[in-house]
Amino acid sequence: MSKGAWWVDRAREPSTYQGLSIIAGAIGAWLFKDAAIGEHILQAGLAIAGLIGVGKSEAIAGRDF
């Protein structure tokens, strides 16, 4: 599997965007060096990850396979 194909496969997975939103929130918190701003950025990242989690479908035994 080529590296390009790996990235394309990851881009199709909602969990990738969940992880990226949390990482972006943590990096934003570190970059601004302000506890209040950092906390708000991290909370926004977690909120985005939560929204993605609510919206993604998961296989349910007996229903999807």
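All of these numbers come straight from a predicted model, not from anything done at the bench.
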I'd like a table of donor-acceptor pairs (distance under 3.5 Å, sequence neighbours excluded) in which one partner is a side-chain atom from residues 33-47, with atom names and distances.
residue	atom	partner	partner atom	Å
K33	NZ	W30	O	3.3
D34	OD1	A36	N	3.0
E39	OE2	Q43	NE2	3.3

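In this structure a side-chain-to-backbone donor-acceptor pair under 3.5 Å is missing from Y17 to I48.
Its side chain outside the 4.5 Å cluster rule for every partner, V54 clusters with none of the Ile, Leu, Val, Met, Phe, Trp and Tyr residues.
Among pairs with a residue in residues 12-21, those fulfilling salt bridge (Lys or Arg N to Asp or Glu O under 4.0 Å) read D9-R12, R10-E13, at least two apart in sequence or across chains.
Listed by chain and number, the residues in a side-chain contact (heavy atoms from CB on, under 4.5 Å) with I23 are I27 (sequence neighbours excluded).
Here the shortest heavy-atom pairing between I52 and P14 reads CG2-O, 3.5 Å.
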